[in-house]
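So the structure is just underneath, and the comments pick up after that.
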Amino acid sequence: MTKEIQILDKTFVSAISEAEISAAVDKVAGQIMNDYADKNPLFLMILNGAFMFAADLLKRVTIPATLASIKLSSYEGMLTTGEVREVIGLTEDVKGRHIIIIEDIVDTGTTMHCLIPDLKARGAASVEICTFLQKPEALIFPDAQPKYVGFEINNLFVIGYGLDYDGYARNLPEVYMIKK
Ligand code: IMP
């Protein structure tokens, strides 16, 4: 059954259930464990949006791995500003590490396009993106194409499971999309 919720001035409708999310996280965790079994990857969580996906994903990853986080921001309300501000910098030494970026959503790819060269310049052995959601139609930068994707979605604004509208709705356990 479709559920509706009101967040500030906007109405959203349910789009991806908790059960569907759980199955997608299982799938992605399995792919990563296959590909990185002997690589001791460094998971780099992008705050705030990826916190819920990262927690669920990492509970399922049983190969040796470490975790670091940075806080990036490129959105204001429902519009991308086109510019990425690094809010909390990376303190971890990434030299020689196989990095898996954990992102909530890849939209235009601007955020990842700005971050990946920086990680490579710091000496990362490899960099891949693992994102909960992707809007393939919105992608501008080919180097921001994620290797691991929970769900591909239409080019519509979504909230929940870490994703926010003006800071609200990150705590919702399922995904809602803007009502057309
Ligand atoms: P990109 O740099 O255009 O790929 O945008 C990536 C960032 O924009 C994500 O990490 C989110 O924080 C934000 N974002 C993009 N689309 C949405 C959306 O539909 N809902 C909430 N945040 C979004």
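First listed ligand is number 1; within each ligand, the first listed atom is number 1.
Tested against Phe53, the residues Ile102, Leu163, Ile46, Asp104 include a single side-chain contact (heavy atoms from CB on, under 4.5 Å) partner, Ile102.
Among the atoms of Lys135, some N or O lies under 3.5 angstrom from an N or O of ligand 1. An N or O contact shorter than 3.5 Å is missing between Val106 and ligand 1 by distance. Taking any N or O of Met112, backbone or side chain, none lies under 3.5 Å from an N or O belonging to ligand 1.
Ile140 shares a hydrophobic cluster with Phe141; the chain of contacts runs through ILVMFWY side chains whose heavy atoms sit under 4.5 Å apart.
In Asp164, the part holding a heavy atom less than 4.0 Å from any atom of ligand 1 is the backbone. Contacts between Leu163 and ligand 1 below 4.0 angstrom, taking non-hydrogen atoms only, involve the side chain exclusively.
The nearest non-hydrogen atom to atom 5 (O) of ligand 1, considering only Asp107, Leu139, Ile129, Ile153, comes from Asp107.
Between the side chain of Asn154 and the backbone N or O of Leu156 there is no donor-acceptor pair closer than 3.5 Å. Between the side chain of Gln6 and the main chain of Leu8, a donor-acceptor pair closer than 3.5 Å is present.
More than 12 heavy atoms of other residues, nucleotides or ligands shown are found within 6.0 angstrom of CG on Asn155.
The Glu103 neighbourhood of ligand 1 comprises atoms 10 (O), with distances under 4.0 Å to a heavy atom of that residue. Here is the list of ligand 1 atoms found below 4.0 Å of a heavy atom in Thr111: 1 (P), 2 (O), 5 (O), 6 (C). For ligand 1, the atoms lying closer than 4.0 Å to a non-hydrogen atom of Thr110 are 1 (P), 2 (O), 4 (O). For ligand 1, the atoms sitting less than 4.0 Å from at least one non-hydrogen atom of Gly109 are 1 (P), 3 (O), 4 (O), numbered in the order shown with element in parentheses. Counting the atoms of ligand 1 from 1 in the order shown, those under 4.0 Å from a heavy atom of Ile105 are 6 (C), 9 (C), 10 (O), 11 (C), 14 (N), 15 (C), 16 (N), 17 (C), 23 (C). Residue contact check: Asp104 has heavy atoms under 4.0 Å from atoms 9 (C), 10 (O), 11 (C), 12 (O) of ligand 1.
With sequence neighbours excluded, no residue satisfies side-chain contact (heavy atoms from CB on, under 4.5 Å) with Pro117.
Shown here for Ile101 and Leu119, the closest heavy-atom pair between the two residues is CD1-CD1, 3.9 Å.
A tilted orientation is assigned to the rings of Tyr165 and Phe12, their planes being inclined by 30° to 60°.
Judged by the shortest distance from any of its heavy atoms, Ile159 lies outside the 4.0 Å radius around the atoms of ligand 1. Look at Gly49 and you'll find every heavy atom at least 4.0 Å from all atoms of ligand 1.
The residues Arg97 and Glu92 are annotated as not salt-bridged, no charged nitrogen and carboxylate oxygen being separated by less than 4.0 angstrom.
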